[in-house]
Amino acid sequence: MTSSPEAILLVGGKGTRLRPLTVHTPKPMVPAAGVPFLTHQLARARAAGVEHIVLATSYLAEVFEPYFGDGSALGLHLEYVTEEEPLGTGGAIRNVASRLHSGPDDPVLIFNGDILTGLDIEALVKTHRTSGADVSLHLSRVEDPRAFGLVPTDATGRVTAFLEKPQTPEEIVTDQINAGAYVFNRSVIDTIPAGRPVSVERETFPGLLAAGAHLQGMVDSAYWLDLGTPQAFVRGSADLVLGRAPSPAVPGRCGDSLVLDGARVAPDAKLMGGTSVGAGACVEAGARIDGSTVLDGAVIEAGAQIRDSLIGAGARVGARTVLDGAVIGDHAHIGPDNELRAGARIWCDARIPQGTIRFSSDQ
Ligand code: GDD
Ligand code: MG
């Protein structure tokens, strides 16, 4: 048995929620703090001693391998398995079982591919070993658990139920949610039915509990964010730059901003709040960018004011334009003197002429 487990990374969801931003780039490959988001998860797993990771993919899988290759640049051995039809989270795990080298009693780490977290991976494995559980789950506390899997535990941390996406107020029995990182005993993976879609959340976990299996929860207060929405993605990228979300893959020192090699930023432009500016991007005089992600080759013209927004690759934001909580798709052009606020999403390649949209009153 190896001292450090191997891991499965689930990156096969439909990933549609970052569209239209990501028509050209699937979500796990959108840069967060300067590198494709997936890099942070891979690098954190490596830092915890994981050496072998199988990527279970079903959607736009062909972009991962050309970028990450065999993983040696990250000190990893990476393998890729593509589902013909999406098999769901449990089906995806089962589908890669033949690539694992672990013995039946060895722990295997499994990660949802859209989570940014400061989870102490080694502590989760230790909890798993000491509790003797069949499966151990990282749990996080959130204010509104409805979009997640609810995981109540007893006084010893043993899981008593698993309620995926609770629908009624009565179902909201705890603020502890499934944080999307598990340790499975290898033998448990082999019990998941093969060759058909299986939801680990709706079928495997409830089924294991009903059969009396030992599922152990580890609740902590580490940084945790599901990057399922563009707004969360922008927040996560800024938190990586600020150092609030720990990752060994941030290319540079953490601080107020991250400017990648080959970007040009005018001396009197202001970058703050964890803003990242991609390679070949240009920020002109007097622009002010707070808590935002500016991808490669984008141009921010003079005096633009940008907050909590995502500016796609090759996009252009016109002079004096105000963006707050907006998502600008790759290669879209927003003319000067526009104002776009919370929730605005501009499709890739779209054109918005000068002075077309504003939200503020006429005063
Ligand atoms: N390979 C593969 N195939 N991966 C999949 C598939 C599939 O058919 N379906 C989903 N995934 C991957 C997604 O890419 C994502 O990384 C992960 O599995 C979870 O799927 P999501 O679609 O993002 O689920 P969710 O966010 O609604 O809920 C899940 O995550 C929550 C935490 O963020 C559940 O695990 C919840 O219980 C949990 O609280
Ligand atoms: Mg998710």
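Order of appearance sets the numbers: ligands from 1, and atoms from 1 within every ligand. The first residue of the sequence shown is numbered 1, and numbering continues consecutively from there. Predicted, not measured: the structure shown is a model, and the values here were computed from it.
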Chemist: Does the N or O separation between Ala56 and ligand 1 drop below 3.5 Å for any pair?
Modeler: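 Yes - when backbone and side-chain N and O of Ala56 are compared with those of ligand 1, one distance drops under 3.5 Å.
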Chemist: Taking N or O atoms only and a 3.5 Å limit, does Gly113 qualify as a polar contact for ligand 1?
Modeler: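 By distance alone, the answer is yes.
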Chemist: Any salt bridge between Asp106 and Arg186, counting N to O under 4.0 Å?
Modeler: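 The answer is no: the pair does not qualify as a salt bridge.
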Chemist: Without hydrogens or angle criteria, can the side chains of Asp70 and Ser72 be said to hold a donor-acceptor pair below 3.5 Å?
Modeler: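 Yes - a donor-acceptor pair under 3.5 Å links their side chains.
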Chemist: Report, in ascending order of atom number, the atoms of ligand 1 lying under 4.0 Å from any heavy atom of Glu164.
Modeler: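 Per the distance check, 28 (O), 34 (C), 36 (C), 37 (O).
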Chemist: Are Gln176 and Thr153 packed together at the side-chain level, in the sense that at least one heavy-atom pair is separated by less than 4.5 angstrom?
Modeler: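 Yes, side chains in contact.
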Chemist: Please could you name the atoms of ligand 1 that Asp226 approaches to less than 4.0 Å, counting only its heavy atoms?
Modeler: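 What qualifies from ligand 1 is 26 (O), 32 (C), 33 (O).
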Chemist: I'd like to check which ligand 1 atoms, numbered from 1 as shown, lie under 4.0 Å from a non-hydrogen atom of Ala92.
Modeler: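 Checking each atom against Ala92, I get 1 (N), 2 (C), 3 (N).
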Chemist: Show me which atoms of ligand 1 lie under 4.0 Å from any heavy atom of Asn112.
Modeler: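 Close to Asn112: 16 (O), 17 (C), 19 (C), 29 (C), 30 (O), 35 (O).
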Chemist: Just which atoms of ligand 1 are under 4.0 Å from any heavy atom in Pro86?
Modeler: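 So the atoms of ligand 1 that pass are 8 (O).
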Chemist: May I ask you to list the atoms of ligand 1 that are less than 4.0 angstrom from any heavy atom of Lys165?
Modeler: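 Under 4.0 Å from Lys165, ligand 1 has these atoms: 25 (P), 27 (O), 28 (O).
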Chemist: Measure the spacing between OG1 of Thr321 and CZ of Arg358 and express it to the nearest 0.5 Å.
Modeler: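 Rounded to the nearest 0.5 Å, the OG1-CZ separation comes to 12.5 Å.
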Chemist: Compare Gly88, Pro28, Pro145 and give the one whose heavy atom is closest to atom 8 (O) of ligand 1.
Modeler: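 Among Gly88, Pro28, Pro145, the closest heavy atom to atom 8 (O) of ligand 1 belongs to Gly88.
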Chemist: With nothing but distance in play, are any N or O atoms of Ala179 less than 3.5 Å from an N or O of ligand 1?
Modeler: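 Looking only at distances, the answer is no, because the N/O contact criterion of under 3.5 Å is not met.
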Chemist: For ligand 1, indicate whether the residue Phe205 contacts it via side chain, backbone, both or neither (heavy-atom separation under 4.0 Å).
Modeler: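 It is neither; nothing of Phe205 touches ligand 1.
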Chemist: For Leu10, counting its heavy atoms only, list the atoms of ligand 1 lying under 4.0 Å from any of them.
Modeler: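 So the atoms of ligand 1 that pass are 12 (C), 14 (O), 15 (C), 16 (O), 18 (O).
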Chemist: Parallel, tilted or perpendicular, judged at 30° and 60°: which one describes the rings of Phe37 and His40?
Modeler: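 Plane angle between 30° and 60°, so tilted.
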Chemist: Do other residues, nucleotides or ligands put more than 12 heavy atoms under 6.0 Å from Arg264 CZ?
Modeler: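 Incorrect, the count does not exceed 12.
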Chemist: Is any side-chain heavy atom of His52 closer than 4.5 Å to a side-chain heavy atom of His77?
Modeler: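 Sidechains of His77 and His52: in contact.
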Chemist: Below 4.0 Å, non-hydrogen atoms only: which portion of Tyr182 touches ligand 1? Side chain, backbone, both or neither.
Modeler: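 Just the side chain.
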Chemist: Do Arg235 and Arg244 come close enough that some side-chain heavy atom pair is under 4.5 Å?
Modeler: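 Arg235 reaches Arg244 side chain to side chain.
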Chemist: Tell me the contacting part of Leu87 for ligand 1: side chain, backbone, both, or neither, using a 4.0 Å heavy-atom threshold, strictly below.
Modeler: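 Backbone only.
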Chemist: Can a side-chain donor-acceptor contact be found between Ser199 and Glu201 if the only test is distance below 3.5 angstrom?
Modeler: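 Their side chains do contain a donor-acceptor pair, which is all the 3.5 Å distance test asks for.
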Chemist: In this structure, would Phe64 and Ile53 fall into the same cluster of hydrophobic residues linked by side-chain contacts under 4.5 Å?
Modeler: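 Yes, Phe64 and Ile53 fall within the same hydrophobic cluster.
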Chemist: Quick one: does Gly180 get an N or O within less than 3.5 Å of an N or O on ligand 1?
Modeler: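 N/O-N/O distance under 3.5 Å: no.
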Chemist: Restricting to N, O or S, what is the name of the atom of Asp114 that lies nearest the Mg ion (ligand 2)?
Modeler: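 The closest N, O or S atom of Asp114 to the Mg ion (ligand 2) is OD2.
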Chemist: Please list, in number order, the atoms of ligand 1 under 4.0 Å from a heavy atom of Val11.
Modeler: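 Taking each heavy atom of Val11 in turn, ligand 1 has 14 (O) under 4.0 Å.
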Chemist: Between Phe205 and Phe162, what is the ring plane arrangement, given parallel below 30°, perpendicular above 60°, and tilted in between?
Modeler: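 Because their plane-to-plane angle lies in the 30° to 60° range, the rings of Phe205 and Phe162 count as tilted.
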